[in-house]
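Just so you know, these numbers come straight off a predicted model, no measurement behind them. The chain is numbered in sequence order, starting from 1.
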Amino acid sequence: MKHLKYIFLSVLFVSVGVFAQEEEKPERKPGHTNNNKFKQLYDEFSSPNMYRAASGAPGPAYYQQQADYKMDLVLDDDKARISGFETITYHNNSPDPLSYLWVQLDQNMRAKDSQSPLIQGSGVAPAQQVGSFTSAYMTEGFDGGFKIEEVKDAAGKDLPHMINRTMMRIELPKPLMTGEKFSFSIKWWYNINDYVNMGGRSGYEYFPEDGNRNYIIAQFYPRMAVYSDVEGWQNSQFWGRDEFALPFGNFEVNITVPSDHILDATGKLTNRKEVFSKEMMKRFEQAKKSYDKPVMIVTQEEAEAAEKGRATDTKTWKFYAENVRDFGFASSRKYIWDMMAVKIGGKDVMAVSMYPKEGNPLWEEWSTYAVASTLKSYSRMTFDYPYHKAISVHAKNQGMEYPMICFNYGRPDKDGNYSDRTKYGMISVIIHEVGHNFFPMIVNSDERQWTWMDEGLNTFVQYVAEQDFGEWYPAALSEGHDNYPSRRGPAANIVPYMGGDQDFIAPIMTKGLNTYQFGNNAYGKPGTALNILRETVMGRELFDYAFKEYANRWMFKHPTPEDFFRTMEDASAFDLDWYWRGWFYTTDYVDMGVKEVKKYYVSGEPNEYVKNIVKQRGMKMSDLPPLVYMVEEGSEEYNESLKNGTLLENSPTLKEYIMDNFSEEERAKIKEPKYFYSITFEKPGGLVMPIIVEYTYADGTSKTEKYPAQIWRLNDNEVSKAVASDKEIVKITVDPNLETADVDTSNNSWPKEIKQSKFDEFKNEVKN
């Protein structure tokens, strides 16, 4: 190619010297501060330090405490009471001397003097469950909460302690120094709540037909609070909504229950041969080798026979769990029990389900498959599931998670019939709760402070796992469903919330207890934000690599939101401060559209714009270098004949330039766009997002272009793009596949689509 000697071409307007057009600048008001949507998050983030690096990884001085438990528990089925004696060994790995320890007493939320009901500002409920109404207005209330009988040191000496609602402070005989450990014991009991009628994350369901209870027991023992470099002692009380932050440790737990109960729990069952029958052992060995179909350890026939009896003797089930943050268990004589092996990272993990006959046939058909599928999907997205089992327990109106065990709803009617809603609801809640093993049971964020870090991240991976489940088990999809019908994840599903009343929306970065519309705020919006980030902003390859890096950096550790934000950027080379700021720190919404479209053609004659500039500057046309002139369709200077010629025919100067500077071979490859458009996009919404545009041409073909979000960096209201095409554009659509959660699509098309009113639709239906 010859040297380009004298011209600089612009596709739309001349952009040399005096003809350069400046981008429109937003008005700057007196006292204006830097509210640019692309401002970095330095003001919001803590400074990196030796504990947490600027990359988002744990720093060289990162530490975390350890709490080990030995517990002897007794479940009294007649009184619906649980009692325990526990010994806690607390390891101080921090650089700080500790003069006291804080223990969480979550059951005190149900104590008679609990303040939890007092913070609710609602009036008389229009409708209320009979049990809740009776408890609230017609009785003295449930006698719940821990009954702490003693707190002693290892030598049996009483330890001074003080209970502040759901927290107990234990005074140490002397400061616990770095590297030291301290053992103490607590003896306690409490009455187990009927969670179906009274509410709660655990408790029992009573079955009046046979007089049995299904116990799902969690948050049942005094648990150590977290002490960290970020908060010091975790000091947020449990009011009932926000969940918990806990240190990791080892658990040795012995649980005594009626001898006809079936029980499973966090950890390895260490006395299986003592509590299993010979037939159960035989079936268990078969299940360990079955990878495609669950094996019944306890059949429905056996469970139905057991629920008719009442054992007077007891049996003790013994468990040991290493490096877990909590412990939960389920016990009932009503349980059907099945298991299936699933291969995860070269090792076998047992997918387990426990359910009464009331859960069948739905649970027998899909529960264990949902567990196995979840372990595979989450392991692919994060790290190989490190524990030896994952248990799904049937529990009416529940969806709650603990290490290796979770409680899930989904019940057919009494005749065994169930709707698609019930089926998909059950599968989804199992995927969600089993998925919580990863977030936050292993990637151990502080749920009490940042609900979205466990619920939002988990909801995002749940969506991925649901789509996997539909692909791996197509028999689960009902007629008319090509894909799993996920409730959360797709961008369009969050639009009603984000476009709703701003008086009842809070930023994601709000303590869960203080948010409006808790489900949308903690689950839906962050889960959708991450899905959009993966599918639309970053792309799967970059996102998945960074997300997996975060999970591996912080598995079995305590990350903060900043650790997540920083790691996602650090591992992808993608500056996402604008995204975190908009989606997580504000309640802004997405609304983008097409404001204006102008069509231009190339002309060999100077247009009025150039003539006016030459006149204003006292120049002559001969003073100008060779230029390409653009005329707008419909303008006074527009010549209808222009659009009939080729680009080079309409611009002699351009033709001359091409002939002088390109070889014959190069000229053969020259493109000659015939149509030129100036397209102005507007952004009434506050969130900056990429502009995804579908251009449809007169010949019926189409092309999709994605302009990065940074296109809004200098003007937050509107931007223009020059588009050259050899085919006429007849339609422009912003966000054609509804990928950005745009709350108002009425401005997304050019020409503007006139949507019929509901009344007009009705009239047309009547006519037809």
E466 vs Q462, test: side-chain hydrogen bond (donor to acceptor under 3.5 Å, both in side chains). Steps then yes/no. CA-CA 6 Å; E466 286 174 345; Q462 174 192 344; 2.7 Å; yes
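- At most 12 non-hydrogen atoms from other residues, nucleotides or ligands lie less than 6.0 angstrom from NZ of K70.
- Nearest heavy atom pair, residue V371 against residue A390, reads CG1-O, 3.6 Å.
- Within 6.0 Å of CZ on R169 lie more than 12 heavy atoms contributed by other residues, nucleotides or ligands.
- Note: H432 and H436 have perpendicular aromatic rings, judged against thresholds of 30 and 60 degrees for the angle between ring planes.
- Aromatic pair Y579/F574: centroids not less than 6.0 angstrom apart.
- Residues N520 and P526 come closest through the heavy atom pair O-CD, 4.0 Å.
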Mind running side-chain hydrogen bond (donor to acceptor under 3.5 Å, both in side chains) on R581 and T586 for me, showing each step along the way? CA-CA 7 Å; R581 180 188 299 282; T586 78; over 6 Å; no
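- Counting only N and O atoms by type, the side chains of D264 and Y335 include no donor and acceptor under 3.5 Å apart.
- Donor-acceptor pairing under 3.5 Å is lacking for the side chains of Y227 and Q64.
- Heavy atoms of other residues, nucleotides or ligands lying less than 6.0 angstrom from CZ of F556 number more than 12.
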Kindly determine whether D468 and R380 satisfy salt bridge (Lys or Arg N to Asp or Glu O under 4.0 Å), including the steps that lead there. CA-CA 11 Å; D468 285 347; R380 185 186 81 244; 2.7 Å; yes
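- Evaluated for a ring-ring contact (aromatic ring centres under 6.0 Å, His included) with F329, the options W317, F220, F319 yield exactly one hit, F220.
- Atoms CZ and OG1, on F518 and T510 in that order, are 11.5 Å from each other to the nearest 0.5 Å.
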Assess whether ring-ring contact (aromatic ring centres under 6.0 Å, His included) is satisfied between W450 and F564, documenting all intermediate values. CA-CA 12 Å; W450 307 112; F564 174 68; over 10 Å; no
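- Dense packing is recorded around NZ of K343, with more than 12 heavy atoms of other residues, nucleotides or ligands lying under 6.0 Å away.
- One finds a salt bridge joining R325 and E447 here, because a Lys/Arg side-chain nitrogen approaches an Asp/Glu carboxylate oxygen to under 4.0 Å.
- Counted within 6.0 Å of OH on Y320, heavy atoms from surrounding residues, nucleotides or ligands total more than 12; the atom is thus considered enclosed.
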Using the ring-ring contact (aromatic ring centres under 6.0 Å, His included) rule, take Y69 and F251 through it: C-alpha gap first, then chi angles, then the decisive distance, then the call. CA-CA 5 Å; Y69 298 81; F251 287 71; 4.5 Å; yes
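- Taking the six-membered ring for Trp and the full ring otherwise, the centers of F547 and F460 sit less than 6.0 Å from each other.
- At least one donor-acceptor pair under 3.5 Å links the side chain of N552 to the backbone N or O of K548.
- Taking the centre and axis of the six-membered ring of F244, the NZ or CZ atom of R223 falls inside the cone set by 45° and 6.0 Å.
- Stacking of K39 on the aromatic ring of W578 is not recorded, the 6.0 Å distance cut-off and the 45° axial limit not both being met.
- With no hydrogens or angles considered, no side-chain donor-acceptor pair links T166 and N108 at under 3.5 Å.
- Taking a cutoff of 4.0 Å between a charged side-chain nitrogen and a carboxylate oxygen, R165 and D106 do not qualify as a salt bridge.
- Between Y585 and F45, the two ring planes are tilted [angle within 30° to 60°].
- Within 6.0 Å of the NZ atom in K268, the count of heavy atoms belonging to other residues, nucleotides or ligands does not exceed 12.
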